[in-house]
Amino acid sequence: MIVRILVAGGAGFIGATLCEHLLLRGHTVVCVDSLQTGSALAIDQLRKFEGFSFIKQDIVQILDIGAVGTLDQVYNLACPASPKHYQKDPIKTIETNVIGTRNLLDLALQNGARFLLASTSEIYGSPERKPQREDYWGNVNTTGPRACYDEGKRCAEALVTAYRSQHQTDTRIARIFNTYGPGMQRDDGRVISNFVTCLLDKKPIEIYGDGKQTRSFCYVDDMVGGLIALMASDCTTPVNLGSDHEVSIMELACIVGRVIGKSVEITHCPALIDDPRERRPDLDKCRRVLGWQAITSLELGLRKTAAFFAKTQQAHVV
Ligand code: NAD
Ligand code: UDP
(Lines give C-alpha, C1' and ligand atoms only; values in the text may rest on other atoms or scores of the structure.)
(Ligands and ions follow the chains in the order given, each with its own letter.)
Protein backbone atom coordinates (compact mmCIF):
# COMPACT_ATOMS: atom_id res chain seq x y z
CA MET A 1 0.00 0.00 0.00
CA ILE A 2 1.31 3.47 -0.90
CA VAL A 3 1.43 5.74 2.13
CA ARG A 4 1.51 9.57 2.00
CA ILE A 5 4.20 10.73 4.37
CA LEU A 6 5.38 14.17 5.47
CA VAL A 7 8.99 14.34 6.66
CA ALA A 8 9.86 17.59 8.45
CA GLY A 9 13.63 18.04 8.46
CA GLY A 10 13.90 15.81 5.38
CA ALA A 11 16.83 17.80 3.95
CA GLY A 12 18.94 17.00 7.01
CA PHE A 13 21.34 14.17 7.62
CA ILE A 14 18.95 11.52 9.03
CA GLY A 15 15.88 13.04 7.33
CA ALA A 16 17.26 12.77 3.78
CA THR A 17 18.24 9.12 4.37
CA LEU A 18 14.76 8.47 5.78
CA CYS A 19 13.12 10.10 2.72
CA GLU A 20 15.21 7.91 0.41
CA HIS A 21 14.32 4.69 2.26
CA LEU A 22 10.60 5.59 2.22
CA LEU A 23 10.68 6.49 -1.50
CA LEU A 24 12.51 3.24 -2.32
CA ARG A 25 9.60 1.43 -0.63
CA GLY A 26 7.27 3.17 -3.12
CA HIS A 27 5.71 5.71 -0.75
CA THR A 28 4.86 9.34 -1.50
CA VAL A 29 7.03 11.75 0.50
CA VAL A 30 6.51 15.47 1.12
CA CYS A 31 9.63 16.99 2.64
CA VAL A 32 9.23 20.22 4.63
CA ASP A 33 12.47 21.93 5.57
CA SER A 34 13.78 25.46 6.10
CA LEU A 35 17.30 24.41 4.99
CA GLN A 36 18.69 25.87 8.23
CA THR A 37 21.19 23.01 8.46
CA GLY A 38 19.82 20.85 5.65
CA SER A 39 21.28 20.38 2.21
CA ALA A 40 19.80 21.61 -1.07
CA LEU A 41 21.96 18.95 -2.76
CA ALA A 42 20.20 16.20 -0.80
CA ILE A 43 16.86 17.56 -2.04
CA ASP A 44 18.12 17.59 -5.66
CA GLN A 45 19.13 13.93 -5.33
CA LEU A 46 15.68 13.00 -3.97
CA ARG A 47 13.92 14.72 -6.89
CA LYS A 48 14.72 11.71 -9.11
CA PHE A 49 11.91 9.87 -7.31
CA GLU A 50 8.47 10.54 -8.79
CA GLY A 51 6.78 10.42 -5.40
CA PHE A 52 8.95 13.16 -3.89
CA SER A 53 8.08 16.80 -3.36
CA PHE A 54 9.77 19.55 -1.40
CA ILE A 55 8.32 22.55 0.41
CA LYS A 56 10.79 25.08 1.79
CA GLN A 57 9.21 26.16 5.02
CA ASP A 58 10.02 26.89 8.64
CA ILE A 59 7.88 24.68 10.91
CA VAL A 60 7.73 27.49 13.49
CA GLN A 61 5.47 29.40 11.07
CA ILE A 62 1.88 28.29 10.49
CA LEU A 63 2.25 25.44 8.03
CA ASP A 64 1.05 26.05 4.51
CA ILE A 65 1.62 22.82 2.63
CA GLY A 66 -0.91 23.50 -0.13
CA ALA A 67 -2.76 20.71 -1.91
CA VAL A 68 -0.55 17.72 -1.10
CA GLY A 69 -3.54 15.49 -0.32
CA THR A 70 -4.35 13.68 2.90
CA LEU A 71 -1.36 12.57 4.93
CA ASP A 72 -1.09 9.14 6.58
CA GLN A 73 2.11 9.74 8.56
CA VAL A 74 4.11 12.72 9.83
CA TYR A 75 7.74 12.36 10.94
CA ASN A 76 9.19 15.35 12.83
CA LEU A 77 12.98 15.43 12.45
CA ALA A 78 13.23 19.18 12.00
CA CYS A 79 15.78 20.57 14.47
CA PRO A 80 19.54 21.13 14.23
CA ALA A 81 21.19 18.17 16.01
CA SER A 82 24.80 19.31 16.32
CA PRO A 83 25.62 21.36 19.46
CA LYS A 84 27.48 23.82 17.21
CA HIS A 85 24.29 24.56 15.28
CA TYR A 86 21.61 24.31 17.96
CA GLN A 87 23.55 26.63 20.29
CA LYS A 88 23.94 29.33 17.61
CA ASP A 89 20.33 30.51 18.03
CA PRO A 90 19.04 28.89 21.23
CA ILE A 91 15.69 30.72 21.16
CA LYS A 92 15.03 29.39 17.67
CA THR A 93 15.98 25.87 18.81
CA ILE A 94 13.37 26.04 21.59
CA GLU A 95 10.76 27.47 19.19
CA THR A 96 11.46 24.74 16.63
CA ASN A 97 11.00 22.01 19.23
CA VAL A 98 7.95 23.49 20.91
CA ILE A 99 6.02 25.68 18.42
CA GLY A 100 7.24 23.67 15.40
CA THR A 101 6.26 20.36 16.99
CA ARG A 102 2.86 21.81 17.90
CA ASN A 103 2.26 22.96 14.29
CA LEU A 104 3.10 19.48 13.01
CA LEU A 105 0.92 17.81 15.65
CA ASP A 106 -1.99 20.01 14.50
CA LEU A 107 -1.33 18.93 10.93
CA ALA A 108 -1.32 15.27 11.99
CA LEU A 109 -4.56 15.84 13.92
CA GLN A 110 -6.29 17.51 10.92
CA ASN A 111 -5.24 14.61 8.68
CA GLY A 112 -5.84 11.78 11.17
CA ALA A 113 -2.18 10.91 10.55
CA ARG A 114 0.21 9.02 12.79
CA PHE A 115 2.93 11.31 14.21
CA LEU A 116 6.51 10.38 15.13
CA LEU A 117 8.79 12.69 17.11
CA ALA A 118 12.56 12.39 16.70
CA SER A 119 13.52 12.93 20.32
CA THR A 120 17.02 12.36 21.66
CA SER A 121 19.27 10.70 24.21
CA GLU A 122 19.95 14.29 25.34
CA ILE A 123 16.69 14.21 27.31
CA TYR A 124 18.69 12.03 29.80
CA GLY A 125 21.24 14.91 30.10
CA SER A 126 24.47 13.77 31.77
CA PRO A 127 23.05 10.48 32.98
CA GLU A 128 23.68 9.08 36.46
CA ARG A 129 22.51 5.61 35.35
CA LYS A 130 23.99 3.31 32.77
CA PRO A 131 22.72 2.01 30.45
CA GLN A 132 19.91 4.56 30.03
CA ARG A 133 16.50 2.93 30.09
CA GLU A 134 13.35 4.65 28.89
CA ASP A 135 12.01 4.92 32.47
CA TYR A 136 15.03 7.01 33.60
CA TRP A 137 13.99 10.70 33.99
CA GLY A 138 17.43 12.16 33.37
CA ASN A 139 19.83 14.73 34.80
CA VAL A 140 19.53 17.95 32.79
CA ASN A 141 20.84 21.44 33.52
CA THR A 142 17.94 23.74 32.64
CA THR A 143 20.16 26.83 32.22
CA GLY A 144 23.33 25.45 30.57
CA PRO A 145 24.31 25.88 26.90
CA ARG A 146 22.66 22.57 25.95
CA ALA A 147 19.35 23.43 27.68
CA CYS A 148 17.71 24.87 24.54
CA TYR A 149 18.00 21.47 22.87
CA ASP A 150 17.58 19.14 25.85
CA GLU A 151 14.66 21.00 27.40
CA GLY A 152 13.19 21.75 23.96
CA LYS A 153 13.06 18.02 23.22
CA ARG A 154 11.73 17.22 26.71
CA CYS A 155 8.92 19.73 26.16
CA ALA A 156 8.29 18.24 22.70
CA GLU A 157 7.87 14.80 24.31
CA ALA A 158 5.44 16.32 26.85
CA LEU A 159 3.50 18.04 24.04
CA VAL A 160 3.23 14.83 22.02
CA THR A 161 1.98 13.07 25.15
CA ALA A 162 -0.57 15.86 25.77
CA TYR A 163 -1.91 15.62 22.19
CA ARG A 164 -2.20 11.87 22.68
CA SER A 165 -4.24 12.19 25.89
CA GLN A 166 -6.28 15.31 24.99
CA HIS A 167 -6.89 14.75 21.26
CA GLN A 168 -6.22 10.99 20.92
CA THR A 169 -3.52 11.76 18.32
CA ASP A 170 -1.76 8.57 17.25
CA THR A 171 1.84 9.24 18.34
CA ARG A 172 5.28 7.63 18.58
CA ILE A 173 8.44 8.92 20.33
CA ALA A 174 11.92 7.81 19.21
CA ARG A 175 14.83 8.64 21.53
CA ILE A 176 17.67 8.71 19.03
CA PHE A 177 21.25 8.14 20.24
CA ASN A 178 24.35 9.44 18.37
CA THR A 179 23.98 8.65 14.68
CA TYR A 180 26.60 9.00 11.95
CA GLY A 181 27.22 8.04 8.33
CA PRO A 182 27.27 9.25 4.74
CA GLY A 183 25.25 12.43 4.25
CA MET A 184 26.66 14.28 7.25
CA GLN A 185 27.87 17.78 6.40
CA ARG A 186 31.65 18.35 6.53
CA ASP A 187 31.22 21.40 8.78
CA ASP A 188 28.58 19.78 10.94
CA GLY A 189 30.81 19.97 14.03
CA ARG A 190 29.93 16.54 15.40
CA VAL A 191 32.72 14.25 16.48
CA ILE A 192 32.70 11.70 13.65
CA SER A 193 32.47 14.21 10.81
CA ASN A 194 35.21 16.28 12.51
CA PHE A 195 37.56 13.32 13.06
CA VAL A 196 37.10 11.79 9.60
CA THR A 197 37.47 15.07 7.66
CA CYS A 198 40.50 16.19 9.73
CA LEU A 199 42.28 12.88 9.09
CA LEU A 200 41.46 12.97 5.38
CA ASP A 201 42.75 16.56 5.25
CA LYS A 202 45.90 15.47 7.19
CA LYS A 203 45.08 17.84 10.05
CA PRO A 204 45.29 17.12 13.79
CA ILE A 205 42.02 16.16 15.44
CA GLU A 206 40.75 18.03 18.49
CA ILE A 207 39.65 16.22 21.63
CA TYR A 208 37.54 18.27 24.03
CA GLY A 209 38.47 17.43 27.61
CA ASP A 210 40.23 14.21 28.64
CA GLY A 211 38.65 12.08 25.90
CA LYS A 212 37.35 9.59 28.48
CA GLN A 213 33.75 10.65 27.87
CA THR A 214 31.80 7.96 26.02
CA ARG A 215 29.19 7.72 23.29
CA SER A 216 27.54 4.81 21.43
CA PHE A 217 27.38 5.42 17.68
CA CYS A 218 24.68 4.06 15.34
CA TYR A 219 25.00 3.88 11.56
CA VAL A 220 22.40 5.99 9.74
CA ASP A 221 20.80 3.21 7.64
CA ASP A 222 20.25 1.19 10.81
CA MET A 223 18.71 4.21 12.54
CA VAL A 224 16.31 4.84 9.66
CA GLY A 225 15.24 1.17 9.80
CA GLY A 226 14.47 1.69 13.50
CA LEU A 227 12.41 4.84 12.85
CA ILE A 228 10.34 3.11 10.16
CA ALA A 229 9.82 0.05 12.43
CA LEU A 230 8.68 2.31 15.28
CA MET A 231 6.25 4.21 13.03
CA ALA A 232 4.77 0.85 11.91
CA SER A 233 4.53 -0.53 15.46
CA ASP A 234 1.84 -0.24 18.14
CA CYS A 235 4.33 1.19 20.64
CA THR A 236 3.09 4.58 21.86
CA THR A 237 5.59 5.13 24.71
CA PRO A 238 9.19 6.42 24.14
CA VAL A 239 11.69 3.96 22.66
CA ASN A 240 15.50 4.25 22.63
CA LEU A 241 17.02 3.73 19.18
CA GLY A 242 20.77 3.42 18.71
CA SER A 243 23.75 1.19 19.21
CA ASP A 244 24.93 -0.04 22.61
CA HIS A 245 28.56 -0.38 21.52
CA GLU A 246 30.06 2.25 23.82
CA VAL A 247 33.46 3.81 23.09
CA SER A 248 35.41 6.65 24.65
CA ILE A 249 36.21 9.60 22.39
CA MET A 250 39.90 8.71 22.69
CA GLU A 251 39.17 5.14 21.52
CA LEU A 252 37.07 6.55 18.69
CA ALA A 253 40.04 8.64 17.51
CA CYS A 254 42.20 5.47 17.32
CA ILE A 255 39.49 3.50 15.47
CA VAL A 256 38.99 6.28 12.90
CA GLY A 257 42.77 6.44 12.35
CA ARG A 258 42.94 2.66 11.87
CA VAL A 259 40.00 2.60 9.44
CA ILE A 260 41.39 5.46 7.34
CA GLY A 261 44.95 4.13 7.60
CA LYS A 262 46.47 7.35 8.89
CA SER A 263 48.36 8.14 12.07
CA VAL A 264 46.39 10.36 14.43
CA GLU A 265 47.76 13.63 15.75
CA ILE A 266 45.73 14.92 18.69
CA THR A 267 45.27 18.49 19.95
CA HIS A 268 43.74 18.68 23.42
CA CYS A 269 41.14 21.44 23.93
CA PRO A 270 39.15 22.47 27.02
CA ALA A 271 36.15 20.31 27.87
CA LEU A 272 32.77 21.64 26.74
CA ILE A 273 30.36 22.89 29.42
CA ASP A 274 27.83 20.22 30.48
CA ASP A 275 29.29 17.67 28.04
CA PRO A 276 27.68 14.35 29.08
CA ARG A 277 30.34 12.00 30.54
CA GLU A 278 28.81 8.80 29.26
CA ARG A 279 26.02 7.61 27.07
CA ARG A 280 24.84 4.10 26.27
CA PRO A 281 21.24 3.09 25.59
CA ASP A 282 19.43 0.15 27.09
CA LEU A 283 18.02 -1.38 23.91
CA ASP A 284 15.92 -4.14 25.44
CA LYS A 285 12.65 -2.37 24.53
CA CYS A 286 13.37 -1.81 20.84
CA ARG A 287 14.61 -5.39 20.45
CA ARG A 288 11.56 -6.80 22.24
CA VAL A 289 8.83 -4.51 20.89
CA LEU A 290 10.12 -3.62 17.41
CA GLY A 291 12.30 -6.68 16.74
CA TRP A 292 14.88 -4.11 15.62
CA GLN A 293 18.57 -3.71 16.33
CA ALA A 294 21.51 -1.94 14.68
CA ILE A 295 23.62 -4.36 12.65
CA THR A 296 26.46 -2.27 11.14
CA SER A 297 29.75 -2.48 13.04
CA LEU A 298 31.47 0.79 13.93
CA GLU A 299 34.44 -0.12 11.70
CA LEU A 300 32.27 -0.83 8.65
CA GLY A 301 30.16 2.28 9.22
CA LEU A 302 33.25 4.44 9.58
CA ARG A 303 34.72 2.97 6.39
CA LYS A 304 31.54 3.92 4.47
CA THR A 305 31.54 7.38 6.09
CA ALA A 306 35.20 7.96 5.19
CA ALA A 307 34.51 6.86 1.59
CA PHE A 308 31.63 9.35 1.42
CA PHE A 309 33.74 12.25 2.70
CA ALA A 310 36.67 11.32 0.43
CA LYS A 311 34.29 11.40 -2.57
CA THR A 312 32.70 14.73 -1.63
CA GLN A 313 36.18 16.17 -1.02
CA GLN A 314 37.24 15.17 -4.55
CA ALA A 315 34.06 16.67 -6.00
CA HIS A 316 34.95 19.85 -4.10
CA VAL A 317 38.48 19.95 -5.50
CA VAL A 318 37.37 19.24 -9.10
P1 NAD B 1 20.37 17.91 10.84
O2 NAD B 1 20.74 19.21 11.48
O3 NAD B 1 21.28 17.32 9.83
O4 NAD B 1 18.92 18.00 10.19
C5 NAD B 1 17.88 18.76 10.73
C6 NAD B 1 17.01 19.28 9.60
O7 NAD B 1 15.95 20.05 10.14
C8 NAD B 1 17.77 20.20 8.64
O9 NAD B 1 17.49 19.87 7.31
C10 NAD B 1 17.26 21.59 8.98
O11 NAD B 1 17.33 22.49 7.89
C12 NAD B 1 15.84 21.28 9.41
N13 NAD B 1 15.28 22.29 10.31
C14 NAD B 1 15.82 22.79 11.44
N15 NAD B 1 15.00 23.70 12.00
C16 NAD B 1 13.92 23.78 11.19
C17 NAD B 1 12.73 24.55 11.22
N18 NAD B 1 12.47 25.43 12.20
N19 NAD B 1 11.82 24.38 10.22
C20 NAD B 1 12.06 23.50 9.21
N21 NAD B 1 13.18 22.76 9.13
C22 NAD B 1 14.09 22.89 10.11
O23 NAD B 1 20.14 16.87 12.05
P24 NAD B 1 20.02 15.28 12.01
O25 NAD B 1 21.27 14.71 12.55
O26 NAD B 1 19.52 14.82 10.70
O27 NAD B 1 18.89 15.06 13.11
C28 NAD B 1 17.54 14.91 12.74
C29 NAD B 1 16.66 14.80 13.97
O30 NAD B 1 17.09 13.71 14.79
C31 NAD B 1 16.71 16.06 14.85
O32 NAD B 1 15.41 16.32 15.33
C33 NAD B 1 17.62 15.66 15.99
O34 NAD B 1 17.29 16.33 17.18
C35 NAD B 1 17.35 14.16 16.11
N36 NAD B 1 18.53 13.46 16.66
C37 NAD B 1 19.67 13.30 15.90
C38 NAD B 1 20.78 12.67 16.46
C39 NAD B 1 22.03 12.45 15.66
O40 NAD B 1 23.01 11.89 16.21
N41 NAD B 1 22.11 12.79 14.40
C42 NAD B 1 20.73 12.22 17.79
C43 NAD B 1 19.57 12.44 18.52
C44 NAD B 1 18.46 13.04 17.95
N1 UDP C 1 34.10 16.00 20.56
C2 UDP C 1 35.49 16.10 20.46
N3 UDP C 1 36.03 16.66 19.34
C4 UDP C 1 35.28 17.13 18.31
C5 UDP C 1 33.87 17.04 18.41
C6 UDP C 1 33.32 16.49 19.55
O7 UDP C 1 36.21 15.68 21.38
O8 UDP C 1 35.85 17.61 17.31
C9 UDP C 1 33.49 15.32 21.73
C10 UDP C 1 32.42 16.15 22.45
O11 UDP C 1 33.01 16.94 23.45
C12 UDP C 1 31.52 15.05 23.01
C13 UDP C 1 31.63 13.92 21.99
O14 UDP C 1 32.82 14.18 21.24
O15 UDP C 1 32.03 14.60 24.24
C16 UDP C 1 30.44 13.82 21.05
O17 UDP C 1 30.20 15.11 20.52
P18 UDP C 1 29.09 15.38 19.40
O19 UDP C 1 29.00 16.86 19.24
O20 UDP C 1 29.35 14.55 18.20
O21 UDP C 1 27.73 14.78 20.02
P22 UDP C 1 26.97 15.00 21.42
O23 UDP C 1 27.86 15.67 22.39
O24 UDP C 1 25.78 15.81 21.09
O25 UDP C 1 26.66 13.62 21.85
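One-based numbering, in listed order, for ligands and for the atoms of each.
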Only heavy atoms of [X], strictly under 4.0 Å: list the atoms of ligand 1 that pass.
X	answer
Leu35	11 (O)
Thr96	15 (N), 18 (N)
Ile176	30 (O), 38 (C), 42 (C), 43 (C), 44 (C)
Asn178	40 (O)

If you measure from [atom] to every heavy atom of [options], which option wins on shortest distance?
atom	options	result
atom 44 (C) of ligand 1	Ala81, Ala118, Ser119, Gly9	Ser119
atom 1 (P) of ligand 1	Thr37, Val60, Leu227	Thr37
atom 5 (C) of ligand 1	Cys79, Gly38, Ala8, Gly100	Cys79
atom 36 (N) of ligand 1	Phe177, Tyr149, Phe13	Tyr149
atom 29 (C) of ligand 1	Leu77, Ile55, Thr179	Leu77
atom 17 (C) of ligand 1	Asp188, Asp58, Thr17	Asp58

Counting only heavy atoms, which portion of Asp33 has something under 4.0 Å from ligand 1: side chain, backbone, both, or neither?
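Answer for Asp33: both.
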Just to be sure I read this right, does ligand 1 sit under 4.0 Å from the backbone of Glu95, its side chain, both, or neither, counting only heavy atoms?
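The answer is neither.
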What donor-acceptor contacts under 3.5 angstrom involve side-chain atoms of residues 9-30, with partners at least two apart or in another chain?
from	atom 1	to	atom 2	distance (Å)
Thr17	OG1	Phe13	O	3.1
His21	NE2	Asp221	OD1	3.1
His27	ND1	Val3	N	3.2

Taking [X] first and then [Y], would you say they form a salt bridge - that is, a charged N and a carboxylate O separated by under 4.0 Å?
X	Y	value
Lys262	Asp201	no
Lys130	Asp244	no
Lys153	Glu122	no
Arg129	Asp282	no
Glu134	Lys285	no
Lys202	Glu265	no

Whether Tyr124 and Tyr136 hold their rings parallel, tilted or perpendicular, with breakpoints at 30° and 60°
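It falls in the parallel class, under 30°.
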Among the clusters formed by ILVMFWY side chains lying less than 4.5 Å apart, do Phe177 and Val191 turn up in the same one?
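As far as the 4.5 Å side-chain criterion goes, Val191 and Phe177 are not connected within one cluster.
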Heavy-atom contact under 4.0 Å between [X] and ligand 1?
X	value
Ser121	no
Pro80	yes
Gln185	no
Lys153	yes
Gln57	yes

How far is [atom] from the closest protein heavy atom, and which atom is that?
atom	value
atom 26 (O) of ligand 1	Ile14 N, 2.8 Å
atom 4 (O) of ligand 1	Gly12 CA, 3.3 Å
atom 19 (N) of ligand 1	Ile59 N, 2.9 Å
atom 16 (C) of ligand 1	Ser34 OG, 3.5 Å
atom 15 (N) of ligand 1	Gln36 OE1, 3.3 Å
atom 41 (N) of ligand 1	Arg190 NH1, 2.7 Å

Do side-chain atoms of [X] reach the backbone of [Y] as a donor and acceptor pair under 3.5 angstrom?
X	Y	value
Thr214	Arg279	yes
Asn111	Leu71	yes
Thr96	Cys79	no
Gln36	Pro80	no

Near ligand 2, at a heavy-atom separation below 4.0 Å: residues by chain and residue number:
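Ligand 2 pocket, heavy atoms under 4.0 Å: Pro83, Glu122, Arg146, Asn178, Gly189, Arg190, Val191, Asn194, Phe195, Glu206, Ile207, Tyr208, Gln213, Arg215, Ile249, Leu272, Asp275, Arg279.
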After noting the C-alpha distance and the side-chain angles of Ile123 and Val140, does the key distance pass the side chain to side chain contact (heavy atoms under 4.5 Å, CB included) rule?
CA-CA 7 Å; Ile123 64 103; Val140 177; 5.9 Å; no
Would you please name every residue forming a side chain to side chain contact (heavy atoms under 4.5 Å, CB included) with Val247, sequence neighbours left out?
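With sequence neighbours excluded, Val247 shows a side chain to side chain contact (heavy atoms under 4.5 Å, CB included) to Phe217, His245, Glu251, Leu252, Ile255, Leu298, given in chain and number order.
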Candidate pair Thr197 and Gln185, rule side chain to side chain contact (heavy atoms under 4.5 Å, CB included), full reasoning:
CA-CA 10 Å; Thr197 53; Gln185 309 259 14; over 6 Å; no
Per the side chain to side chain donor-acceptor pair (under 3.5 Å) rule, what does the pair list look like for residues 291-307, sequence neighbours excluded?
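As it turns out, the side chain to side chain donor-acceptor pair (under 3.5 Å) pairs with a partner in residues 291-307, which skip direct neighbours, are Asp222-Thr296, Arg258-Glu299, Arg287-Gln293.
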